[in-house]
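As structure tokens, the structure follows; a few thoughts come after it.
Throughout, a chain's letter reflects where its sequence line sits, starting with A, and its residues are numbered from 1.
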Amino acid sequence: MALIYYAESIKALADSPTVPAAARPEAASAALPLPALHEALTNWFESNARELPWRATECTPWGVLVSEIMLQQTPVVRVLPVWTEWLRRWPEPADLAREPAGEAVRAWGRLGYPRRALRLHAAAVAICSDHGGEVPGTHPELLELPGVGSYTAAAVAAFAFGRRETVVDTNIRRVHARLFSGSALPSQSLTAAEMRLAAQALPDGAGSSVRWNASVMELGALVCTARSPKCRQCPVSGSCAWLAAGEPPPTYTPKGQSWHGTDRQVRGAVMAVLRVAESPVAPELFQRAPADLGFEPAGIGIPLAALHRLNAPPEQLERALAGLLGDGLAELQPAGLQLPA
DNA sequence: GATACGTGGCA
DNA sequence: TTGCCAAGTAT
């Protein structure tokens with residue numbers, strides 16, 4: 001392996017005329033060689049990692065896959081109860097595969113991005129039809145599964161099957177940006193250079209590479225956080241290029257995710273109704289307030305009221321409904337709208 | 001590469 | 001209260 005201690009990044013910083021004195025070579029000299037970094041972070045992980053059920057040795061690859069899908073853009077604390085119930089109810093892919101997709105969407109609850117539930121169900125079906133009911137263990141096979149992208153395929157191959165994979169998620173990207181590149185935040189999109197850097201930083205052995213991936217990810221989640229990182233708790237702060245450079249601010253401002261008044265908000269409100277509904281919901285109920293209809297719809301009153309409070313323009317509601325139908329998150333029966341059967 | 005896609009907690 | 005952010009994927 002190329003032993004780029006990340007001296008290259010440090011040197012580039014030091015050569016830059018705009019870099020503060022802290023980033024000069026004498027400050028950067030505290031940077032540890034890669035093997036020392038591996039040991040420092042792995043040791044930190046040993047005593048600081050959270051005990052999460054999908055990290056337990058008895059957790060199956062299916063449990064790991066479910067956790068990875070659920071954790072996409074979703075905090076651990078919200079995933080925990082849903083994951084536990086999911087694995088209790090569907091301990092193997094085949095258990096989920098024989099259910100209607102709508103059951104997966106319902107069990108997904110309020111985790112957000114419910115299309116993930118649909119894809120996880122589709123993945124279970126594919127696992128049964130293409131892999132004999134066992135979660136496949138290689139990156140290319142995993143990548144074929146619905147809802148599994150480059151990150152998730154690498155994570156499952158590494159954490160469920162012990163393979164040496166270049167795992168790059170938002171936490172790892174941020175740690176690398178600070179530790180190696182001296183930037184406050186990673187670039188706005190994943191670059192080939194970042195993948196190369198991550199691949200070069202990876203320990204050679206399979207076991208040590210898995211521990212390294214988990215350690216860097218955990219450091220990003222607990223210490224090297226996006227806002228107000230806890231650098232005094234960081235086991236490798238002495239080697240951090242960003243600290244050495246004097247904590248330069250981000251060179252861009254991330255564009256926020258709009259929410260109020262968006263189609264997404266309307267879709268979310270409609271889905272909340274469908275999740276609660278025990279029978280098909282007449283389309284008129286989405287368009288008109290229950291009070292106008294002269295009766296109280298059983299069971300769905302509260303989420304329906306929330307939907308109407310949004311006061312979405314008719315064309316927006318129409319667009320949201322069409323989107324949900326197009327995505328397969330809902331289907332229209334003669335009796336009304338419902339989760340997919 | 002940019003955009004759409006849920007939800008809720010925290011500063 | 002507003003905006004940011006959380007183990008990304010698909011188009």
Side-chain angles (χ1 to χ4, degrees), chain A residues 49-50 52-55 63-83 105 108-120 122-123 142-160 165-175 184-192 198 210 213-222 224-229 250 252-275 303 306-307 310 316 319-320 322-324 326-330:
Chain A
R50 294 164 292 182
L52 301 172
W54 45 86
R55 285 179 178 159
V64 174
L65 174 62
V66 172
S67 79
E68 290 298 344
I69 303 281
M70 288 184 173
L71 286 163
Q72 290 167 5
Q73 303 285 284
T74 309
V76 165
V77 286
R78 291 188 21 225
V79 166
L80 277 170
V82 181
W83 182 90
V105 175
W108 197 254
R110 306 159 72 86
L111 278 187
Y113 292 147
R115 50 175 57 173
R116 289 183 294 165
L118 223 45
R119 291 177 180 148
L120 182 51
L142 287 159
L143 204 48
E144 290 294 313
L145 299 175
V148 175
S150 177
Y151 159 75
T152 302
V156 173
F159 302 137
E165 300 283 340
T166 305
V167 179
V168 178
D169 77 326
T170 186
N171 286 312
I172 291 180
R173 293 188 66 210
R174 187 173 53 250
V175 172
L185 296 174
S187 56
Q188 300 190 55
S189 58
L190 179 58
T191 65
V210 171
N213 282 326
S215 303
V216 178
M217 207 179 303
E218 192 75 340
L219 187 77
L222 299 183
C224 196
T225 49
R227 284 173 299 191
S228 47
Y252 66 93
T253 54
K255 53 186 309 182
Q257 316 159 350
S258 56
W259 175 246
H260 290 288
T262 62
D263 289 5
R264 296 167 72 180
Q265 188 183 27
V266 179
R267 283 173 60 117
V270 171
M271 288 303 298
V273 174
L274 295 184
R275 277 197 306 269
L307 170 63
L310 297 180
Q316 185 178 43
R319 201 163 55 235
L324 290 174
D327 286 350
L329 281 165

Name the nucleic acid region contacted by A/Val77, choosing base, sugar-phosphate or nothing; use a 4.0 angstrom heavy-atom cut-off, strictly under. nothing

Do A/Arg267 and A/Thr262 meet the criterion of a side-chain donor-acceptor pair at a distance under 3.5 Å? no

Using the P atoms only, state how far C/dC4 lies from B/dT3, rounded to an integer number of Å. 16 Å

Taking only side-chain nitrogens and oxygens of A/Lys255, does any of them come within less than 4.0 Å of OP1 or OP2 of B/dT3? yes

What's the gap between C/dT11 and B/dG6 when it is taken at their P atoms, as a whole Å value? 14 Å

Reckon A/Ala226 touches a base, only the sugar-phosphate, or nothing at all at heavy-atom distances under 4.0 Å? sugar-phosphate

When all nucleic acid strands are considered with a 4.0 Å heavy-atom cut-off, which category describes A/Leu52: base, sugar-phosphate, or nothing? base

Along DNA chain C (nearest heavy atom to each residue), the more 5'-positioned of A/Gln73 and A/Thr253: A/Thr253

To check you understand the geometry: which heavy-atom pair defines the closest contact between A/Pro250 and A/Ala184, and what is its length? N-CB, 3.7 Å

For the pair made of CG in A/Asp169 and P in C/dT9, what is the distance, rounded to whole Å? 10 Å

Starting from P on B/dT3, measure out to CZ on A/Arg115 and report it in whole angstrom. 16 Å

NA contact type, A/Thr74, heavy-atom cut-off 4.0 Å: base, sugar-phosphate, or nothing? base

One pair to check against side-chain contact (heavy atoms from CB on, under 4.5 Å): A/Phe159 and A/Asn213. What are the steps and the verdict? CA-CA 9 Å; A/Phe159 302 137; A/Asn213 282 326; 4.0 Å; yes

Scan A/Gly112 against the nucleic acid and name what it touches under 4.0 Å (heavy atoms): base, sugar-phosphate only, or nothing. base

Touch check for A/Ser150, heavy atoms < 4.0 angstrom, all strands: base, sugar-phosphate only, or nothing? sugar-phosphate

Would you mind classifying the nucleic acid contact of A/Trp54 as base, sugar-phosphate or nothing, using non-hydrogen atoms under 4.0 angstrom? base

So what does A/Gln257 hit on the nucleic acid, given a heavy-atom distance under 4.0 Å: a base, only sugar-phosphate, or nothing? base

Scan A/Arg173 against the nucleic acid and name what it touches under 4.0 Å (heavy atoms): base, sugar-phosphate only, or nothing. nothing

Let me know, please, whether A/Ser228 or A/Asp263 comes out on the 5' side of the other along DNA chain B by nearest nucleotide. A/Asp263

Send over the distance from A/Gln265 CD to B/dG8 C1', rounded to a whole Å. 13 Å

Show, in sequence, the C-alpha distance, side-chain angles and deciding distance for A/Leu190 and A/Tyr151, and conclude whether the side-chain contact (heavy atoms from CB on, under 4.5 Å) test is met. CA-CA 11 Å; A/Leu190 179 58; A/Tyr151 159 75; over 6 Å; no

Considering every strand and a 4.0 Å limit on heavy-atom distances, what is the contact class for A/Ile172: base, sugar-phosphate, or nothing? nothing

When the nearest nucleotide of DNA chain C is assigned to A/His260 and to A/Glu68 on a heavy-atom basis, which residue is associated with the more 5' position? A/His260

Please state whether the phosphate of B/dA2, meaning OP1 or OP2, lies under 4.0 angstrom from any side-chain nitrogen or oxygen of A/Ser189. no

Which nucleotide wins on minimum distance to the side chain of A/Thr152, given the candidates C/dG8, B/dG6, B/dT7? C/dG8

Taking for A/Arg110 and for A/Asp327 the nucleotide of DNA chain B with the nearest heavy atom, the one nearer the 5' end belongs to A/Asp327

Length of the line joining A/Tyr113:OH and C/dT11:C1', which is rounded to integer Å: 15 Å

With sugar-phosphate meaning primed atoms plus P, OP1 and OP2, does A/Arg50 contact a base, only sugar-phosphate, or nothing at under 4.0 Å between heavy atoms? base

Give one of base, sugar-phosphate or nothing for A/Arg227, where a contact means two heavy atoms less than 4.0 Å apart. base

In whole Å, what separates the P atom of B/dA4 from that of C/dA7? 23 Å

Atom pair distance, as rounded to whole Å: CG in A/Leu118 and P in C/dT9: 17 Å

Set out, in order, the CA-CA distance, both residues' side-chain angles and the distance that settles side-chain contact (heavy atoms from CB on, under 4.5 Å) for A/Asn171 and A/Val216, then state yes or no. CA-CA 7 Å; A/Asn171 286 312; A/Val216 178; over 6 Å; no

Any A/Arg78 side-chain nitrogen or oxygen under 4.0 Å from OP1 or OP2 of C/dC5: no

With distance as the sole test, does A/Trp83 use its side chain to make a donor-acceptor pair with the main-chain N or O of A/Gly63 at under 3.5 Å? yes

Rounded to whole Å, how long is the line connecting atom CD1 of A/Ile69 with atom C1' of C/dA6? 16 Å

From the options B/dC5, C/dA7, B/dT7, select the nucleotide whose nearest atom is closest to the side chain of A/Arg264. B/dC5

Taking only side-chain nitrogens and oxygens of A/Arg267, does any of them come within less than 4.0 Å of OP1 or OP2 of B/dG6? yes

Under 4.0 Å, heavy atoms only, any strand: does A/Ser67 hit a base, just the sugar-phosphate, or nothing? nothing

Send over the distance from A/Leu143 CG to C/dG8 P, rounded to a whole Å. 16 Å

When you look at A/Leu219 and A/Ile172, which way does the side-chain contact (heavy atoms from CB on, under 4.5 Å) test go after all the steps? CA-CA 8 Å; A/Leu219 187 77; A/Ile172 291 180; over 6 Å; no

Grab the two heavy atoms, one from A/Ala221 and one from A/Arg174, that are nearest each other, plus how far apart they are. N-NH2, 4.5 Å

Gap between atoms CZ and P, on A/Arg119 and B/dC5 respectively (whole Å): 12 Å

